[in-house]
Amino acid sequence: MTLLYALSYPLTGPIEIFLLVLLIILICPILFRRIGIPHIVGLIIAGIIVGPYGFDILSRDASFEIFGEVGILYIMFMAAVEINMFHLQKNLGKGIVFGLITFSIPTLLGIFGSRFAFGASWATCTLISTMYAAHTLISYPIVSRFGLQNSKPAVIAVCSTIVTVLLALLVLAGVVDASESGGFRFERFFRLVALMSFYAVGMGFLIHYFTKYFFRKISDQVVQFIYVLAMVFLSSLMAKIIGLEAILGAFYAGLILNRFIPDRSGLMGRIKFVGNAIFIPYFLIGVGMLINVHVIFKSWNVGWVALNMVVVAMVAKWLAAFIASKIYGLKENGRRLMFGLTSGKAAATIAAALIGFQHGILTEDMLNGAVLMILVSCVIASISTQTAAKGLRIELTEAEFKKDTETEPGEYARQLVAVANPVTAENLMKLALLMRHRNNKNPVTALFVRNSDDARRVQAGRNSLEIAVSAAQAVDIEVNDIERYDINVVAGLTNEAKQNQATDIMIGLHRRSNIVDSFFGSMTEQLLNASNKMIFISRCFTPANTMARLIILVPDKAEYETGFQTWVERICNLASQLAAKAIFLSYETTSNFIRNIIISEGYAIRHEYRNLNSWDDFILNSQDINEDDIFIIIGARKGSVSHNSDLEGLPTYLQKNHAHNNLLLIYPEQFGGSSTF
């Protein structure tokens, strides 16, 4: 038995390999950020250095193949799951058009340029052109890091990726088919299109149905994370089986899962953390390990081929971004961001090059040239994306600051969430967090009020506090947990709200204990009389992230209340986070005020208005509320401008007709106070 452990190169032990990879992931961002180079480029360069074509410290074994494949799928999945569906629908047409532009220009330049430069066959030139046209969102993590995933140029570029990859795949399949059979077979093309249609409908239904069911039954976020990954890889596998690229399946899964994973949720935090910490860096290092820079010095022809490929591919992608930016009125930073996102090459290009080489369509020099093109394109794409992202972030921040200065908004919300039941505490806290403004840094107060020493109730309250605190900490929001002893719950709530200067009070809806008990319960009614702050009363049977629509009942003259704009903004934040449609049941005049707030504040949500002329109109519209919806009622305290006799009978109507629906009652702030969000 030896006392010293001898290292041999390339490393073969799992401990040494993983340690070295972790050190690369740790050091590269720190080192390359100091010299102004994107860390994505640093990870690729590190892969070249330690890989088989560098110092041969690491071999590209099964771990890099597995994690590399996972990494590119993860990038595509994150690109889809982070997009706001409102922005996607708004820019989908532009993305498709840009996809056609950024596919056709590189294809045409690639075919004729390769024919002129290499004198190759038309089949070879066509295959090379697909490598120019297809691109990989290799620099997308930079966009995500700057919070620009929903900016217009980013959404257009992401949409275009699917178009280019899909078209490149069809052209590649046609070229390979023609080389094997001597001609293009239309039946194979139509078969692939038919399979794609069945795949889109089938996977869309299955993932949506099972996700909604799973998230309602399972609240453990670790288990939810594993489920999400399973759906991503199931979708990718099915795409691969029918002849598509796996990255298309990952992107499609992200689109379906998008509405179930709010940006401000612990699940989204885990998805981003795991991807950015492990999978994506592993993929980038693996890309570097594929690149053999020595081939440039072995043959002048390889250098010529690589130079030609790089110039034609980059010029073509730049032209496409330039034309699209002129069509859509984008400034320089927007154009450079689109170019950066669509100029990187990895997965689809590697696949096309290997398939072409295996079928004798590409020569070895062309294969090596393609690999070198991948290196240069990744460097250019990363630098262009980072430079553009910085500039665009500055532009957007200055515009937001100017808007805030002009509108003179009030301070951000200070929320007080009262908990007592461990069963409802998590959903109560999550609902409050989803209604916060994205820039709100104020801590949330989680409060348990007790007025007795009953051991069972005290323990239940403390458990509720722990659950609520965990829900807030999962999304990196500071939370103050307070256990307060007071003469009664209402006194504890109002006193704590005054001490913390709370603007919002969130409580759970009272559960009736007997037949003579009221719908709200005496405690809620006392709280409404004791506080003029905005009060939210929630009763949700399903998790918030499984809700499809927000149905909001607004009383007549609600626009005259002090807290009118505030509750509209809270609902807009909620709708944006859930990617849900907001349907307002309101009188025409009130609808106009709501619409103006949504437009002037720039909320990116889908909204619809169903005008009320009488209480009977509400009765008719309320029949359309489903178990997937949350029914939001804007209440009015007695004596307020918007209070009327119809609201007196609302509790009885809700108890009789909506006993099993998700409810959220909002009582706006009364009598003074600035608008908060």
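If you're wondering where the values come from, they're calculated on a predicted model, not measured in any experiment. The analysis underlying the following values was restricted to heavy atoms, covering all of them including side chains, and did not include hydrogens, waters or symmetry mates.
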Asks: Is the backbone of I361 close enough, under 3.5 Å, to the side chain of T124 for a donor and an acceptor to pair up by distance?
Replies: yes
Asks: Side-chain donor-acceptor pair under 3.5 Å between T102 and K317, yes or no?
Replies: yes
Asks: Look only at the side chain of N150 and the backbone of N84, and say whether a donor-acceptor pair between them is shorter than 3.5 Å.
Replies: yes
Asks: Just say parallel, tilted or perpendicular for the rings of W318 and F322, cut-offs at 30° and 60°.
Replies: parallel
Asks: Under the 3.5 angstrom rule, does the side chain of N91 hit a backbone N or O of H87 as a donor-acceptor pair?
Replies: yes
Asks: Answer yes if the side chains of R336 and Q386 hold a donor-acceptor pair under 3.5 Å, and no otherwise.
Replies: no
Asks: If you measure from the Lys or Arg side-chain nitrogens to the Asp or Glu carboxylate oxygens, is any gap between R264 and D476 under 4.0 Å?
Replies: no
Asks: Going by distance alone, is a donor N or O of one side chain under 3.5 Å from an acceptor N or O of the other, for Y227 and T211?
Replies: yes
Asks: Under a 3.5 Å threshold, yes or no: a donor from one side chain and an acceptor from the other, between S382 and T385?
Replies: no
Asks: Quick one: CG on L290 to CD1 on I285, what's the gap to the nearest 0.5 Å?
Replies: 12.5 Å
Asks: For F146, is there any backbone N or O sitting under 3.5 Å from a side-chain donor or acceptor partner on R393?
Replies: yes
Asks: Hey, what's the ring geometry for Y282 with F67, parallel, tilted or perpendicular (30° and 60° as the breaks)?
Replies: parallel
Asks: Any donor and acceptor pair, going by atom type alone, linking the side chain of S265 with main-chain N or O of I261 inside 3.5 Å?
Replies: no
Asks: Around atom CD of E364, are there more than 12 heavy atoms of other residues, nucleotides or ligands at under 6.0 Å?
Replies: no
Asks: Show the numbers, then the answer: is there a side chain to side chain contact (heavy atoms under 4.5 Å, CB included) between L284 and C378?
Replies: CA-CA 10 Å; L284 295 171; C378 289; over 6 Å; no
Asks: For the side chain of S144 and the backbone of P141, is there at least one donor-acceptor N/O pair under 3.5 Å apart?
Replies: no
Asks: If you round to the nearest 0.5 Å, how far is CD1 of I83 from CG of D263?
Replies: 12.5 Å
Asks: Could you check whether E82 and Y140, counting side-chain N and O atoms only, form a donor-acceptor pair closer than 3.5 Å?
Replies: yes
Asks: Using side chain to side chain contact (heavy atoms under 4.5 Å, CB included), reason through I207 and L234 one step at a time and then give a plain yes or no.
Replies: CA-CA 9 Å; I207 294 179; L234 174 63; 5.6 Å; no
Asks: Do H135 and S343 have a side chain donor and acceptor closer than 3.5 Å?
Replies: no
Asks: With a 4.0 Å cut-off, would you call E395 and K331 a salt bridge?
Replies: no
Asks: Does W122 offer a backbone N or O that forms a donor-acceptor pair with the side chain of T126 under 3.5 Å?
Replies: yes
Asks: For Y328 and K94, indicate whether the former's side chain and the latter's backbone hold a donor-acceptor pair under 3.5 Å.
Replies: yes
Asks: What I'd like to find out is whether the side chain of H39 reaches to under 4.5 Å of the side chain of I30, using heavy atoms alone.
Replies: no
Asks: Without hydrogens or angle criteria, can the side chains of Y199 and S235 be said to hold a donor-acceptor pair below 3.5 Å?
Replies: yes
Asks: If we ignore hydrogens and angles and just use 3.5 Å, is the side chain of S197 paired with the main-chain N or O of V193 as donor and acceptor?
Replies: yes
Asks: Taking the side chain from R60 and the backbone from G286, do they hold a donor-acceptor pair closer than 3.5 Å?
Replies: yes
